[in-house]
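The figures that follow rest on heavy atoms only: side chains count, while hydrogens, waters and symmetry mates do not. The structure presented is a predicted model; accordingly, all values stated were derived computationally and were not measured.
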Amino acid sequence: MKSHSVFWSFVWVVFVLDAVTAAAPTLKQQLEQAGITAFFPGDPGYADASASYNQRFDYQPAGIAYATSTAQVSRALRAGVAHDLNVVARSGGHSYIANGLGGRNGALVVDLSGMKGKTYDAATGTAVIQTGNRIGDIALFLNEYGRGMPHGRCAYVGIGGHSGHGGYGYMSRMWGLTLDVVLSATVVLSDGRIVTASNASNADLYWAIRGASASFGIVTEIRVQTFQAPQENTFFEYVYSASPSDAARVMLSFQAYSYTDLPRAFAAEVVFFKVDAEQFTLVFFGAHYGPYSAFNRTIQPFLDTVPVEPSQTVITRGDWLTVVNASAFGVGPLNVSSQPDTHDTFYAKSIMTPEETPLTPEAINATFAYMASNGVNSSSFQYDIEMEFWGGRGSAVNAVPFDATAFAHRDVHFTMQLYSDVADGAYPDEGLAFMDGLAASIVDSMPADWGYSAYPNYIDGRLQDWQRLYYGSHYPRLQAIKRKYDPHNVFRFPLSIEEQ
């Protein structure tokens with residue numbers, strides 16, 4: 001009798017377990033019960049929903065949930081955790097290595113594009129912005145109140161990732177990075193709790209999300225400081241053709257010019273494109289926010305050093321929105337609803353040069369010698385060096401104390417983005433090797449102790465020693481905060497903050 005009793009007890013336990021398993025809701029059912037629209041593999045619309053901005057990557061998320069409120073973000077997150085999934089947020093989807101899709105197969109993506117709320121408080125000059133907004137949305141909204149804030153040029157970039165890891169734009173020397181104007185944030189933690197992060201509440205989390213946001217939670221809205229938009233503004237663009245040696249001279253002279261006493265309301269960059277072994281195209285462009293009468297005095301000393309005459313000159317003067325719109329040339333209209341976002345197939349690297357150690361003539365000459373004698377067929381592979389002026393005297397980026405935020409680059413002069421893409425087809429392996437060599441031509445020609453770094457928003461999944469280059473001495477502190485707020489590493493993706 002005893003053996004029969006044990007047998008039937010076993011059968012009963014198996015029956016109960018099967019019943020419980022059968023009754024457990026699927027991820028799809030949980031999201032449906034929360035009123036959340038979601039796409040899963042095999043669903044119509046899944047292919048479009050899972051398409052990466054950088055078409056070098058093709059990942060298959062476990063599901064893509066479109067939240068329309070912070071409460072829905074929390075419900076989606078809890079459902080993902082219940083099914084042992086890592087969870088990532090997608091704001092605009094422009095991560096260079098598709099981390100907004102999880103950076104690998106099998107993540108639950110919480111898409112925030114349905115969260116576009118925006119309010120402005122005239123009494124404080126602050127705005128509350130949900131992170132489903134894109135830069136173009138925000139620029140147009142703030143302009144209605146005669147206000148602006150620092151942000152990049154590409155209107156389609158989502159404010160969530162942009163504000164969480166940097167946020168450089170032409171306004172940055174004047175107003176700082178996007179993350180510098182974030183006063184507080186609403187964050188959904190890995191256990192689904194909804195908290196406020198600010199100096200007064202969860203101050204360590206507030207510190208961390210301004211520089212490494214995606215590793216700690218899903219930020220659903222930010223409160224930001226805005227600024228009175230200048231009335232007189234100028235966008236400028238000068239295009240040149242130059243030999244490799246003349247192009248090197250321009251880079252060297254631009255560096256020398258940038259160390260002079262330039263107003264913080266002036267921003268510029270030079271982009272160098274290789275045409276062939278004997279010719280480069282150079283584009284000098286940027287913005288001046290202030291009286292028109294001061295523009296020529298500011299810019300002429302550099303123009304006088306360029307050894308060739310421009311083949312094209314564009315000067316646009318006008319109100320704030322006119323110049324913000326002109327600055328976005330080539331990267332889409334400010335009204336992101338007017339046409340769909342684009343895609344690209346590309347690979348990028350970045351080098352941030354320290355303020356106290358300029359590039360040497362040897363490094364600059366080595367870089368142009370490398371470009372003149374290396375590279376792939378320009379008909380299938382294009383690349384450039386974008387030399388962005390972040391620092392200099394009076395730069396608001398460098399005025400922020402080093403330990404005020406998790407962003408670890410408060411002594412940067414230039415950020416050099418090395419960008420390569422293909423017009424059609426797959427990105428070639430030889431392109432990766434070429435871009436590694438291009439970066440090495442700069443770094444290896446500088447002193448061994450050169451304190452360069454890299455920009456987290458130009459994230460490079462192949463970067464060695466990324467912990468130091470992206471986060472510097474802040475990395476151990478970020479690891480400690482990670483253990484506190486995400487002990488089970490729910491928010492994990494390539495190059496996310498690691499557990500110790």
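The residues Lys484 and Asp204 are annotated as salt-bridged, a charged nitrogen and a carboxylate oxygen being separated by less than 4.0 angstrom. Salt bridge absent: Arg78 and Asp191 never bring a charged side-chain N and a carboxylate O closer than 4.0 Å. In summary, Arg462 and Asp436 engage in a salt bridge, as defined by a charged side-chain N under 4.0 Å from a carboxylate O.
A cation-pi contact links Arg56 to Tyr427, judged by a cut-off of 6.0 Å to the six-membered ring centre and 45° from its axis. Remark: Arg468 fails to qualify as a cation-pi partner of Tyr471 under the 6.0 Å distance and 45° angle criteria applied to the six-membered ring.
Looking at Ile218 and Leu112, their side chains come closer than 4.5 Å, going by heavy atoms from C-beta outward. Between Arg104 and Phe57, the closest side-chain pair of non-hydrogen atoms is not below 4.5 Å. A 4.5 Å side-chain heavy-atom check between Val187 and Phe216 finds every atom pair outside the cut-off. Side-chain contact between Ile159 and Ile138 is present, with at least one heavy-atom pair separated by less than 4.5 Å. Residues Asp384 and Leu418 have side chains not in contact (no heavy-atom distance under 4.5 Å, counting atoms from C-beta outward). Under the 4.5 Å side-chain criterion, counting only non-hydrogen atoms from C-beta, Ser213 is in contact with His165. For the pair Glu221 and Ile129, the minimum side-chain heavy-atom distance is 4.5 Å or more. Counting only heavy atoms from C-beta outward, the side chains of Leu77 and Val110 never approach each other to under 4.5 Å.
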Subject >> side-chain contact (heavy atoms from CB on, under 4.5 Å) between Tyr452 and Val443, worked out >> reply: CA-CA 8 Å; Tyr452 77 98; Val443 173; 3.5 Å; yes

Subject >> Stepwise side-chain hydrogen bond (donor to acceptor under 3.5 Å, both in side chains) test for Tyr475 and Glu498 >> reply: CA-CA 9 Å; Tyr475 195 71; Glu498 304 160 312; 2.9 Å; yes

Subject >> Verdict with supporting geometry, His162 and His151, side-chain contact (heavy atoms from CB on, under 4.5 Å) >> reply: CA-CA 8 Å; His162 194 61; His151 55 69; 4.0 Å; yes

**OP:** I would like to know whether Phe285 and Glu269 meet side-chain contact (heavy atoms from CB on, under 4.5 Å); could you show each step before the answer?
**Re:** CA-CA 6 Å; Phe285 58 97; Glu269 63 182 293; 3.5 Å; yes

**OP:** Assess whether side-chain contact (heavy atoms from CB on, under 4.5 Å) is satisfied between Val128 and Lys118, documenting all intermediate values.
**Re:** CA-CA 6 Å; Val128 175; Lys118 299 177 288 294; over 6 Å; no

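The six-membered or imidazole ring of Phe414 lies away from that of Trp390, with a centre-to-centre distance of 6.0 Å or more. Residues Tyr120 and Tyr145 place their aromatic rings such that the two centres sit under 6.0 Å apart. For an aromatic pair to be called close, the ring centres must be under 6.0 Å apart, and Trp207 with His474 satisfies this. Ring pair Tyr96/Tyr458: centre-to-centre distance below 6.0 Å. For Tyr419 and Phe346, the distance between ring centers is under 6.0 angstrom. Taking the six-membered ring where the residue is Trp, the centroids of Tyr470 and His409 are separated by 6.0 Å or more.
Of all non-hydrogen atoms in His94 and Arg134, the two that sit nearest each other are NE2-NH1, 4.0 Å. Of all heavy-atom pairs between Ala127 and Leu142, the closest is CB-CD2, 4.0 Å. Nearest approach of Pro333 to Tyr156, heavy atoms of both residues: CD-OH, 3.8 Å. Heavy atoms only, all atoms of each residue included: Pro150 and Leu177 are closest at CG-O, 3.7 Å.
Ser338 places a side-chain N or O within donor-acceptor distance of the main-chain N or O of Asn335, the cut-off being under 3.5 Å. With hydrogens and angles ignored, the 3.5 Å screen pairs a side-chain donor or acceptor of Gln72 with a backbone N or O of Gly35. Not one N or O on the side chain of Asn233 forms a donor-acceptor pair closer than 3.5 Å with the backbone of Tyr289. Remark: the backbone N or O of Thr220 is paired with a side-chain donor or acceptor of Thr131 at under 3.5 angstrom. A donor-acceptor pair under 3.5 Å links the side-chain atoms of Ser172 to the main chain of Gly169, judged by distance alone. Under a 3.5 Å cut-off, the side chain of Arg173 and the backbone N or O of Gly394 do not form any donor-acceptor pair. With hydrogens and angles ignored, the 3.5 Å screen pairs no side-chain donor or acceptor of Arg75 with any backbone N or O of Ala71. A donor-acceptor contact shorter than 3.5 Å links the side chain of Gln130 to the backbone of Lys116.
The only option from Trp466, Tyr455, Tyr347 that meets the side chain to side chain donor-acceptor pair (under 3.5 Å) definition with Asp460 turns out to be Tyr347. Between Ile351 and the choices Leu469, Leu438, Ile442, Ile385, the side-chain contact (heavy atoms from CB on, under 4.5 Å) rule is met once, by Ile442.
Side-chain contact check for Arg410 and Thr405: at least one donor-acceptor pair (N or O, by modelled atom type) lies under 3.5 Å. The closest side-chain donor-acceptor pair between Ser113 and Asp111 falls under 3.5 angstrom. Using modelled atom types and a 3.5 Å distance limit, the side chains of Asn457 and Tyr168 yield no donor-acceptor pair. His83 and Gln30 share a side-chain donor-acceptor pair at under 3.5 Å.
By the 30° and 60° cut-offs, the orientation of the rings of Trp175 relative to Trp320 is tilted.
A search for salt bridge (charged side-chain N to carboxylate O under 4.0 Å, His left out) contacts involving Asp58 returns nothing, not counting sequence neighbours. For Asn398, the side chain to side chain donor-acceptor pair (under 3.5 Å) partners are Glu355, not counting sequence neighbours.
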